[in-house]
Amino acid sequence: MVTAIQVSIIAASVLAVSLHRIRQPSLVAFIAAGLLLGAVTRPFIGDSIHGMERISHLGLILLLFVIGLELDLRKVLGLGKAPAAAILLQGPIAIAAVWGLQAFLHRLDVHIPGLAGRPEGHLIFAAAAALSSTAVVVRLLGDKFDLTSQAGRVTVLTLIAQDIWAVMVLSYMSSQGDDKGPLTIVLSMCGGLVATVAMVWVTRRLLSRVMRFLAAAPDLIAMSALAWCFIGSAAFGATGLSAEMGALVAGLTIGSLPQAGEVLSKVSNLRDFFMALFFVALGMSLPPPSLSAIVGACVLTAIVFLARFLLFAPTLLAARMGGIVSLTAATNLAQLSEFTLLLLPVGVASGAINREEASVISYALMLSLVLSSFAIRFNYSIARSIARRLGMNTDTAVVPQAGHAQVGAGHASADIYLLGYHVNAETLICRIKRCRPDLLSRMMAIDYNLANHERIRRHGLKVMYGDISNLETLRHAGIPNAKVLVITIANTFLRGTTNERLIDSLRSIAPEARIICTSVHEEETAGQIARGAFQSICEPAETAQAYLSAIDQAIVPEGIREAASRV
């Protein structure tokens, strides 16, 4: 199994780099790598593929955990009641519409390729047409700095709402197995509710205290958060619901803690690795493409596009989100979701769909992702073109400015950052309060010592928990939009990093920012300036100058001091 994982990651990396040159999403490369490996290496890897498939499901558990960490229902409600309703109900509306279409065609005894052939499979195909890919859309919107525009916010919030509905559908489908009756399903739902209440209580009473105790050890915080994620997964699995739903609830409970941003930055890379493994394993499990499967995939992809523009866009228009925002959001969401793939083994095992229908959904996912990568790149142009044809307002105010980087939630107002908070930072803030109080509203401190946070807030600064040596933490804090970055801690007191490494990291994510750092000797000062620091404050040199000035004043004759004072 280790060999299978090694070969999979190598093949996926090679194909991902190749497809990146033509701007294709990495997910397509991962599935293609799986197809290639399934055809070429299956005789050598053998049954190890099945073990790799089971391990790769950790990627979906971690994906839901990260979504829970990022989820903030206040953002949905902040758009207004009508937009919030449109976002939250998009999933069930689309599922009901496609389910109704299939039921109508079945009553007429008409079968369309790309839809279920029997009533048992209607829910699976309806969910496939209703849900969109969180991993791909967020990545593509992030690449074009469109996550914080109005259309980007609507898209991301809709994806989060869809993920919740997807987990509910998955839990329902899983509970249908083994001839379980309605009573068993109700008991599973009640068990999930009890597990949710228990997890919320434990987080408030115990986990928050553990996280505060571990505040000075960010690595232990990440490990504890992962343990909590798997506890939630196991608890929901024991009730008969999906482990992914438990991971989502675990993320939601931790998301309210100050350490959520640090957990998010450390878990994201682990999630990406297992998600890559998941899609490679998916590609290995796909049957060779057939003409009927490709035709069905094309039809299902067309149904997905129509569902977004005929169902979702009108609901956003009815919520007064505007033509450009509504059509752009619909364009962003016009692909199948990776969560649909979780329904396939459940559907095949229960007999709801056959393997040919499962391959139709799988190939439709690949096709829709390829088309979506181009659609999202030109989403505003597509929206304007459709709006003009429909006679809508084509105001461009909603289009984000090119090159404007997205920032972490709630941190957009800061443009001067203190990375770490120690004695020098405290002295600096006291001086700023006396001489330049207007700067305080523009400043934010990032520090892992929670004992400092209340004092920092009393000074009038914003503060965020985080490890400044973690690049994802810096991105989440909004560093890409910073104007000035101040490192007031010398290498002697930094843990896990140095001023020089921080300069390199900051230059990569905030090339326009001016970095002010700290050194302990003149050679170190010169090296930091050479790396790109705007200025390096050498503590011994500054202190020596202050001592020398004090000595000069101390040895001046008394008469000269009195004359100088009179002057």
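Given the structure is predicted, the values throughout are model-derived calculations rather than measurements. Computed over heavy atoms, backbone and side chain alike; hydrogens, waters and symmetry mates excluded.
To the nearest 0.5 angstrom, Q162 atom CD is 11.5 Å from L157 atom CG. We find the CD1-CG distance between I112 and L300 to be 11.5 Å, quoted to the nearest 0.5 Å. If you take CG on L316 and OG1 on T158, they are separated by 6.5 Å, rounding to the nearest 0.5 Å. Atom CG of N379 sits about 11.0 Å away from atom CZ of R377, to the nearest 0.5 Å. The CG atom of L343 sits 8.0 Å away from the CG atom of L131 when rounded to the nearest 0.5 Å. Annotation: the span from F312 atom CZ to T331 atom OG1 amounts to 11.0 Å, rounded to 0.5 Å.
Here the closest heavy-atom approach between residue V98 and residue A126 is recorded as CG1-CA, 3.8 Å. V325 and A151 make their closest contact through CG1-CA, 4.0 Å (heavy atoms, listed as atom of the first residue, atom of the second, distance). Scanning both residues, A352 and I124, for their nearest heavy atoms gives CB-CD1, 4.3 Å. The shortest non-hydrogen separation linking L336 to L369 is O-CD2, 4.3 Å. Closest heavy-atom contact between A128 and T340: CB-CG2, 3.4 Å. In this structure, A297 and A364 approach most closely via the heavy-atom pair CB-N, 3.5 Å.
At a threshold of 4.5 Å between non-hydrogen side-chain atoms, the residues S362 and L344 count as touching. L306 has its side chain out of reach of L311: every pair of non-hydrogen atoms, C-beta onward, lies at least 4.5 Å apart. Within the 4.5 Å cutoff, no side-chain heavy atoms of L327 are placed close to those of I382. Side-chain contact check for Y417 versus I468: every heavy-atom pair is 4.5 Å or farther apart. In this structure, T301 and F305 have side chains that are in contact, with non-hydrogen atoms separated by less than 4.5 Å. Taking 4.5 Å as the limit, some side-chain heavy atom of M321 sits within range of a side-chain heavy atom of V154. Taking 4.5 Å as the limit, some side-chain heavy atom of F309 sits within range of a side-chain heavy atom of I386. Within the 4.5 Å cutoff, the side chain of R514 has no heavy atoms near those of the L485 side chain.
Side chain to side chain, N332 and T155 meet the donor-acceptor criterion of an N or O pair below 3.5 Å. Side-chain contact of E356 with S292: a donor-acceptor pair under 3.5 Å is present, judged by distance alone. Side chains of S368 and Q335: a donor-acceptor N/O pair is absent below 3.5 angstrom, by distance only.
Between the side chain of Q102 and the backbone N or O of H122 there is at least one donor-acceptor pair closer than 3.5 Å. Between the side chain of S385 and the main chain of S381, no donor-acceptor pair closer than 3.5 Å is present. Not a single donor-acceptor pair under 3.5 Å links the side chain of W165 to the backbone N or O of L89. A donor-acceptor distance shorter than 3.5 angstrom exists from the side chain of S508 to the backbone of S505, with no hydrogens or angles considered. Judged by distance alone, with hydrogens and angles left aside, the side-chain atoms of E512 form no donor-acceptor pair with the main-chain N or O of K483 at under 3.5 Å. Proximity of a side-chain donor or acceptor of R308 to a complementary backbone N or O of L333 within less than 3.5 Å is detected. Here the side chain of R118 pairs a donor or acceptor atom with the backbone of G351 at under 3.5 angstrom. At distances below 3.5 Å, at least one donor-acceptor pair connects side-chain atoms of S337 with backbone N or O atoms of S132. Between the side chain of E357 and the backbone N or O of N354, at least one donor-acceptor pair lies under 3.5 Å. Although no hydrogens or angles enter the test, the distance criterion places a donor-acceptor pair under 3.5 Å between the side chain of R507 and the main chain of A510.
Residues meeting the side-chain contact (heavy atoms from CB on, under 4.5 Å) test with A247, sequence neighbours left out: I61, L64, F65, C229, S233. Considering only residues two or more places apart in sequence or on other chains, F278 meets the ring pair (Phe, Tyr, Trp, His ring centres under 6.0 Å) condition with H57. Considering only residues two or more places apart in sequence or on other chains, I9 meets the side-chain contact (heavy atoms from CB on, under 4.5 Å) condition with I5, S13, F273, L277.
Each of L502, L419, I503, V484 was compared with I515 under the side chain to side chain contact (heavy atoms under 4.5 Å, CB included) criterion, and only I503 meets it.
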Does the pair R355 and V348 meet the rule for a side chain to side chain contact (heavy atoms under 4.5 Å, CB included), with working shown?
-> CA-CA 7 Å; R355 294 193 177 276; V348 172; 4.3 Å; yes

